[in-house]
Peer 1: 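Sharing a structure, written as structure tokens. Questions coming.
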Number of protein chains: 2
Amino acid sequence: MTIYEVAEAAGVSVATVSRALNGGRVAPSTRERVLQVAGRLGFSPSPAARVLATGKSRAIGVVIPDATGPLYGRMLRGIGLELAQAGYTYLVESSERDPGREGQVLRDLSARDVEALVLIGSGLGPQALAAMQGELPALVLVEREGAELAAPMVTIDNESAAERATRYLIEHGHERIAHIAGPRRAGRERLAGWRRALAAHGLPPGPVVDGGFTEAGGYRAAQELIERDGFTAVFVASDRMALGAYRAFREAGLRVGADVSLVGFDGLEFGAYLDPPLTTLRQPAQQLGQAAARAALAVTRGERPENVVLSCELIPRASVMEYGGGP
Amino acid sequence: MTIYEVAEAAGVSVATVSRALNGGRVAPSTRERVLQVAGRLGFSPSPAARVLATGKSRAIGVVIPDATGPLYGRMLRGIGLELAQAGYTYLVESSERDPGREGQVLRDLSARDVEALVLIGSGLGPQALAAMQGELPALVLVEREGAELAAPMVTIDNESAAERATRYLIEHGHERIAHIAGPRRAGRERLAGWRRALAAHGLPPGPVVDGGFTEAGGYRAAQELIERDGFTAVFVASDRMALGAYRAFREAGLRVGADVSLVGFDGLEFGAYLDPPLTTLRQPAQQLGQAAARAALAVTRGERPENVVLSCELIPRASVMEYGGGP
DNA sequence: TATCGTTATGTAAGCGGTTACATAAGCACA
DNA sequence: TGTGCTTATGTAACCGCTTACATAACGATA
């Protein structure tokens, strides 16, 4: 079923059909008739032909660090929803947290003619990206370094969220609050938020240990904290690290939610099923995806969209208890 | 950068370039030269033009029931890995568990020229699918009803896995084993496996209650079981339902792993963090995806691939305890 | 040497849309 | 009634590939 058959059936030329279908100048009566015929014939234009003719693929590429990450599904849903409204689709590829592979993935997606690339999470550094930018379509960065890259960014307000989390602990009577930190921009910002909350309440920063955003790292970090002592609560920069911390505390004979209070970050599902359930900050994953898609659509139109910053929601659960006592 | 520029630079015609690039008949020396020039110029052929010329899009469509489902990410990874090797990509869309929407999604993907469609999990019934088959490309069904559909199927061996799970409980001394069942093919097969294991050991089937594959359903089903009594262990047809069951048992003052043993199904991440950790059967999600992609590639070649049946792995955890005593 | 079969390469016609440009029709106005 | 402007529609080129068919070159064979 091609546009020629529709033209023939409607008794007009292909140009008129094309115009009727794409909102060009056509007499209303003609448009009506063409649309009707096209509908009856079940005509749907060949995307390939359209791409070839217009040079616009109506597709954007999305790169995620890890196909199995629980947040990425939600982000992709947001992206898909938003793009569908504009008649766009997306191609996803995962870098599997390997910067080298990410480079390939980027090239691969560009070779597939995507009009924009949404890069989610960490991967190639800003300088590497800058070096490639010439051969790539417009970028949109989601929760990723690269402010210097002249690409619209969609992020969460890590610092405010971290501050909120820490304040929550303070409001529950904690005065000596440690931090298990993570790397990169997200890690730094969360650390800063923790600092800011403590400073705002005139409290001294408790010990900080890096946990590398992994479960094993969280475990080791918590062990180190336990050794150093001097805290009644910990703000952990990710749920995954909090998982490791639970284990370390349990092994040390400390009860989370009683002997020590914990707040995580991300809002991953398993947090609700830990014992005790983990207080955490939920990332607005789907909204991040939607915002990213909107930005991507904007750049394909040649616009330069504003950066977007979304905030996280605190989910209070039993891992935080009121702290009453002395040292 | 088009094939014409490459042809010009290499001093040959576009036909020769095309042949050199696609493995047609070309003199080895010419091929060498063309490849070199193309490489130097960074030529990468326009997918749209290629699709238009060949009628093959080198893309397959994937429909999942739910973008946030933890298993789908793994399946998509498997699909992506397998397709990439063949130079194919995929487009994903989610039906959001709405059969009507799935119909749209299928049409949408077909309109996007995919060469095959991989349908994962439940959705449109076989008859509805059969009715649409005329307007769709070849289908591949993953863990889905539709044996009558003349489409290759990729499934897990639900029945064997369920039998294995039940046998595991029997080996731990349980003789009165209940079942929380789920709907559809997967539910029926798991029920059958449970039955078979009991029969094989000459044990009477314990009570069976339907839990609809949801957490709330699992909760209610467990409540009903508790009321009926007469079991020391439960084989629950999904981890999600097991979650509800944990809650019901806890509320009834029964300790999972002590007063009652539980085995789930799916191998979702949170199961490891329940208290006690849930014994379950891990679905080979990534392999399912790979097998589906292989099947899809085969059908695009006009082959009729064999059905694939994969098995699940039992993950023993603390939700199952040795049962020693009497009633 | 004329003929034929191979093999390597070139020419040009699509594939199915979009769109610049040409044309025709209709109307207002002098 | 002729002129000019606006509006609706048609014609055909083009997007960048693939590939059927034509052609040329070259040995091998009669």
Side-chain angles (χ1 to χ4, degrees), chain A residues 1-39 41-59 87-89 110-115 137 300-301, chain B residues 1-39 41-59 87-89 110-115 137 300-301:
Chain A
M1 174 56 40
T2 77
I3 200 173
Y4 287 89
E5 308 177 49
V6 177
E8 166 124 46
V12 295
S13 74
V14 290
T16 300
V17 175
S18 178
R19 281 189 287 253
L21 260 34
N22 299 304
R25 290 187 78 88
V26 203
S29 62
T30 312
R31 151 162 297 126
E32 176 64 20
R33 181 156 38 95
V34 170
L35 258 37
Q36 200 153 317
V37 170
L41 265 44
F43 169 74
S44 100
S46 149
R50 192 184 285 216
V51 170
L52 192 56
T54 61
K56 320 215 74 212
S57 66
R58 304 190 150 263
Y88 272 63
T89 5
S110 330
R112 290 206 150 78
D113 261 2
V114 297
E115 293 180 39
T300 64
R301 280 183 248 114
Chain B
M1 175 56 40
T2 76
I3 201 174
Y4 287 88
E5 309 178 49
V6 178
E8 166 125 47
V12 295
S13 73
V14 292
T16 301
V17 175
S18 176
R19 282 189 284 254
L21 260 32
N22 300 303
R25 291 188 78 85
V26 203
S29 62
T30 311
R31 150 164 298 127
E32 176 62 21
R33 181 158 37 96
V34 170
L35 258 36
Q36 200 152 316
V37 170
L41 264 43
F43 169 74
S44 101
S46 149
R50 196 189 287 232
V51 170
L52 192 56
T54 60
K56 320 213 76 213
S57 64
R58 304 192 149 262
Y88 272 62
T89 6
S110 329
R112 289 207 152 79
D113 260 2
V114 297
E115 293 180 40
T300 65
R301 280 183 248 113

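All values derive from a computational prediction rather than experimental measurement. Numbered from 1 within each chain, the chains take letters A, B, ... in sequence-line order.
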Peer 1: Counting only side-chain N and O atoms of S13(B), is one of them less than 4.0 Å from OP1 or OP2 of dG10(C)?
Peer 2: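 Checking dG10(C) against S13(B), a side-chain N or O does come within under 4.0 Å of OP1 or OP2.
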Peer 1: Can you check whether G24(A)'s main-chain N or O pairs, donor with acceptor, with R31(A)'s side chain at less than 3.5 Å?
Peer 2: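 Yes; judged by distance alone, with no hydrogens or angles, the pair exists.
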Peer 1: Rounded to whole angstrom units, what separation is found between the CZ atom of F43(A) and the C1' atom of dG16(C)?
Peer 2: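 Roughly 8 Å, once rounded to whole Å.
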Peer 1: Spell out, as yes or no, whether a donor-acceptor pair under 3.5 Å connects the side chain of S18(A) to the backbone of V14(A).
Peer 2: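 Between the backbone of V14(A) and the side chain of S18(A) there is no qualifying donor-acceptor contact (under 3.5 Å).
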Peer 1: I'd like to know if the side chain of T89(A) pairs up with that of R112(B) as donor and acceptor (distance under 3.5 Å, no hydrogens or angles considered).
Peer 2: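 Note: T89(A) and R112(B) side chains meet the donor-acceptor criterion.
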Peer 1: Write down the distance between CG (N22(B)) and P (dG16(D)), rounded to a whole number of angstrom.
Peer 2: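 Checked: the CG to P distance equals 17 Å.
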Peer 1: Closest to the V26(B) side chain: dT18(C), dT9(C), dC17(D)?
Peer 2: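 Out of dT18(C), dT9(C), dC17(D), the nucleotide with an atom closest to V26(B)'s side chain is dT9(C).
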Peer 1: Taking only N and O in the side chain of S18(B), is any of them less than 4.0 Å away from OP1 or OP2 of dT18(D)?
Peer 2: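 Checking S18(B) against dT18(D): at least one side-chain N or O falls below 4.0 Å of OP1 or OP2.
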Peer 1: Assess whether a salt bridge exists between R58(B) and E115(B), defined as any Lys/Arg side-chain N lying under 4.0 Å from an Asp/Glu carboxylate O.
Peer 2: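 No salt bridge links R58(B) with E115(B).
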Peer 1: Return the value, rounded to whole Å, for the distance between atom CD1 of I3(B) and atom P of dT11(C).
Peer 2: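 Between P of dT11(C) and CD1 of I3(B): 14 Å.
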Peer 1: Can you tell me how far apart CG (D113(A)) and OG (S44(B)) are? Round to the nearest 0.5 Å.
Peer 2: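 Nearest 0.5 Å value for the CG-OG distance: 7.5 Å.
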Peer 1: For side chain to side chain contact (heavy atoms under 4.5 Å, CB included), just list the numbers for T300(A) and Y88(A), CA-CA rounded to whole Å, side-chain angles, deciding distance to a tenth of an Å, and then say yes or no.
Peer 2: CA-CA 11 Å; T300(A) 64; Y88(A) 272 63; 3.9 Å; yes
Peer 1: Look at the side chain of T16(A) and the backbone N and O of V12(A), then say whether any donor-acceptor pair between them is shorter than 3.5 Å.
Peer 2: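 Flag not set: sc T16(A) to bb V12(A) has no pair under 3.5 Å.
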Peer 1: When you measure from the side chain of V14(B), which nucleotide among dT19(C), dT18(D), dG17(C) comes out closest?
Peer 2: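 So the side chain of V14(B) is nearest to dT18(D).
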Peer 1: Hey, which of these two, A53(B) or S29(B), hits DNA chain C nearer its 5' end, going by closest nucleotide?
Peer 2: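 Result of the comparison: S29(B).
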Peer 1: Roughly, in whole Å, what's the span from NZ in K56(A) to P in dG16(D)?
Peer 2: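 Answer to the nearest Å: 16 Å.
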Peer 1: When the distance from CG of D113(B) to C1' of dC15(C) is rounded to whole Å, what number comes out?
Peer 2: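 Checked: the CG to C1' distance equals 11 Å.
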Peer 1: Whole angstrom is fine here: how far is it from CG in L21(A) over to P in dG17(C)?
Peer 2: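 So the two atoms are 9 Å apart, to the nearest Å.
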Peer 1: For R19(B) and for Y4(A), locate the closest nucleotide of DNA chain D by heavy-atom distance; then report the residue assigned to the nucleotide nearer the 5' terminus.
Peer 2: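 Counting from the 5' end, the first nearest nucleotide belongs to Y4(A).
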Peer 1: With heavy atoms under 4.0 Å as the rule, sort A15(A) into base, sugar-phosphate or nothing.
Peer 2: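 Base, at least one base atom sits under 4.0 Å.
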Peer 1: Just checking V51(B): base, sugar-phosphate only, or nothing, at a heavy-atom cut-off of under 4.0 Å?
Peer 2: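 Touches nothing.
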Peer 1: Between R50(B) (side chain) and P45(B) (backbone), is there a donor-acceptor pair under 3.5 Å?
Peer 2: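 No, R50(B) side chain to P45(B) backbone: no donor-acceptor pair under 3.5 Å.
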Peer 1: Within less than 4.0 Å of OP1 or OP2 of dT9(D), is there a side-chain N or O belonging to T30(A)?
Peer 2: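 Yes.
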Peer 1: Roughly how many Å is it from CG in L52(B) to C1' in dG17(C), rounded to a whole number?
Peer 2: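 Result: 8 Å.
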Peer 1: Rounding to an integer number of Å, can you tell me how far M1(B) CE sits from dC15(D) P?
Peer 2: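 My rounded result for the distance is 15 Å.
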Peer 1: By the 4.0 Å heavy-atom rule, please label R50(A) as base, sugar-phosphate, or nothing.
Peer 2: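 Sugar-phosphate, backbone atoms only, no base.
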Peer 1: Between dG10(D) and T16(A), is there an OP1 or OP2 to side-chain N/O distance shorter than 4.0 Å?
Peer 2: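 True: T16(A) side-chain N/O within range (under 4.0 Å) of dG10(D) OP1/OP2.
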Peer 1: Of the candidate nucleotides dG10(D), dG16(D), dA8(D), which contains the atom at the shortest distance from the side chain of A27(A)?
Peer 2: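 Looking only at side-chain atoms, A27(A) lies closest to dA8(D).
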Peer 1: State, to the nearest 10°, the angle formed by the axis through the first five base pairs of the helix from dT1(C)-dA30(D) to dA30(C)-dT1(D) and the axis through its last five.
Peer 2: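 Here the helix ends are tilted 70° relative to one another.
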